[in-house]
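What you see below is based on every heavy atom in this structure, not just the backbone, and it leaves out hydrogens, waters and symmetry mates.
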Amino acid sequence: MPDHTPRLALPYLHVAQAQKEVTHNEALQRLDICVQCVVEDMRDAPPASPAEGACWLVSPSPAGDWSNHAGAIAQWTLGGWRFVDPFDGYQIWQRSPGFMLRHIGGSWSADIPATSLRIGGQQVVGPRGPQISEPSGGAVVDTECRARLAELIAALQTHGLISN
């Protein structure tokens, strides 16, 4: 039988194991990090005075006590630093700057993979449409209308709703 669960690496209790409370407490500590994970921010090195239970995302270039834990989640406990290595699909809330991060392809991303955005059941953003060319030609040129259309096209391009 393996020593831990395959996904969250929670330690198993074994038959006739001495001090099962140690193993059980280690599992609770890992769950405290993993379930509804909130990190303060991403850092290269541990903060000087961390609060017990607070978590940080270890940067790709860690230093100090965090060396060799790039990309991990670090939690300060009474017993020192505990680390959890994420897997693809792992999600955390990053308190600063205040958004969700997902672990995808070996790194953290704030991008939201989706084919559309729906609010109240109504699609408000879908796949990016093709480029819209600016008006030109015609028998009567309305420069004010053309200027507004150009502004509209520029705004849609700025928001990524149509290609440049």
Side-chain angles (χ1 to χ4, degrees), residues 2-12 26-77 79-135 145-164:
D3 289 335
H4 54 80
T5 62
R7 199 165 55 95
L8 294 180
L10 302 174
Y12 284 124
E26 179 63 26
L28 291 176
Q29 189 65 55
R30 288 189 66 83
L31 284 172
D32 191 53
I33 298 170
C34 295
V35 176
Q36 296 292 322
C37 186
V38 176
V39 297
E40 300 303 317
D41 62 9
M42 183 182 287
R43 297 177 60 110
D44 293 331
S49 302
E52 181 184 358
C55 296
W56 284 267
L57 188 55
V58 180
S59 78
S61 305
D65 289 345
W66 290 358
S67 294
N68 301 319
H69 294 285
I73 299 161
Q75 182 188 52
W76 177 250
T77 69
W81 289 105
R82 304 279 179 125
F83 299 94
V84 169
D85 292 321
F87 48 85
D88 274 1
Y90 199 106
Q91 297 183 91
I92 62 173
W93 175 258
Q94 187 175 3
R95 201 179 304 272
S96 173
F99 50 70
M100 293 295 295
L101 293 175
R102 287 164 190 78
H103 197 263
I104 301 170
S107 64
W108 292 100
S109 174
D111 292 346
I112 300 171
T115 56
S116 68
L117 174 62
R118 295 181 178 275
I119 298 176
Q122 297 293 315
Q123 181 174 319
V124 293
V125 177
R128 182 179 281 188
Q131 179 177 359
I132 299 172
S133 57
E134 292 189 33
C145 179
R146 287 177 188 254
R148 297 302 80 78
L149 281 173
E151 290 172 13
L152 177 61
I153 291 168
L156 291 171
Q157 290 171 334
T158 299
H159 290 287
L161 298 175
I162 59 174
S163 300
N164 290 342

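If you take CE on Met100 and OG on Ser109, they are separated by 11.5 Å, rounding to the nearest 0.5 Å. Taking CG of Leu57 as the start and SG of Cys37 as the end, the distance is 8.5 Å to the nearest 0.5 Å. Atom CD1 of Ile73 is separated from atom CH2 of Trp56 by 13.0 Å, given to the nearest 0.5 angstrom. A distance of 13.0 Å separates OG of Ser61 from CH2 of Trp66, quoted to the nearest 0.5 Å. A distance of 9.5 Å separates CZ in Phe83 from CD1 in Ile33, rounded to the nearest 0.5 Å. The distance from atom CH2 of Trp108 to atom CG of Leu101, rounded to the nearest 0.5 Å, is 6.5 Å.
Residues Arg118 and Val125 have side chains not in contact (no heavy-atom distance under 4.5 Å, counting atoms from C-beta outward). Residues Val39 and Cys55 form a side-chain contact, since some pair of their non-hydrogen atoms from C-beta on lies under 4.5 Å apart. Looking at Gln75 and Asp32, their side chains come closer than 4.5 Å, going by heavy atoms from C-beta outward. Side-chain atoms of Pro46 and Trp76, non-hydrogen and from C-beta on, never get closer than 4.5 Å to each other. By the 4.5 Å heavy-atom criterion applied to side chains, Arg95 and Asp41 are not counted as neighbours. Residues Phe99 and Gln94 are in side-chain contact: their nearest non-hydrogen atoms beyond the backbone lie under 4.5 Å apart.
Residue Asn68 places its CG atom among 12 or fewer non-hydrogen atoms of other residues, nucleotides or ligands, all under 6.0 Å distant. Residue Glu151 places its CD atom among more than 12 non-hydrogen atoms of other residues, nucleotides or ligands, all under 6.0 Å distant.
Between Pro62 and Ser67, the shortest heavy-atom distance links the atoms O-OG, 4.0 Å. For the pair Arg82 and Thr77, the tightest heavy-atom approach, listed with the atom from each and the gap, is CG-CG2, 3.6 Å. Nearest heavy-atom pair across Gly98 and Trp93 is O-CH2, 3.1 Å. In terms of heavy atoms, Asp88 sits closest to Gly106 at OD1-N, 3.5 Å.
A donor-acceptor pair is defined here as one N or O able to donate and one able to accept, closer than 3.5 Å; no such pair exists between the side chain of Asp85 and the backbone of Ala72. Arg43 places a side-chain N or O within donor-acceptor distance of the main-chain N or O of Ala45, the cut-off being under 3.5 Å.
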Quiz prompt | Audit row: Ile112, Arg102, side-chain contact (heavy atoms from CB on, under 4.5 Å) steps and yes/no | solution = CA-CA 8 Å; Ile112 300 171; Arg102 287 164 190 78; 4.1 Å; yes
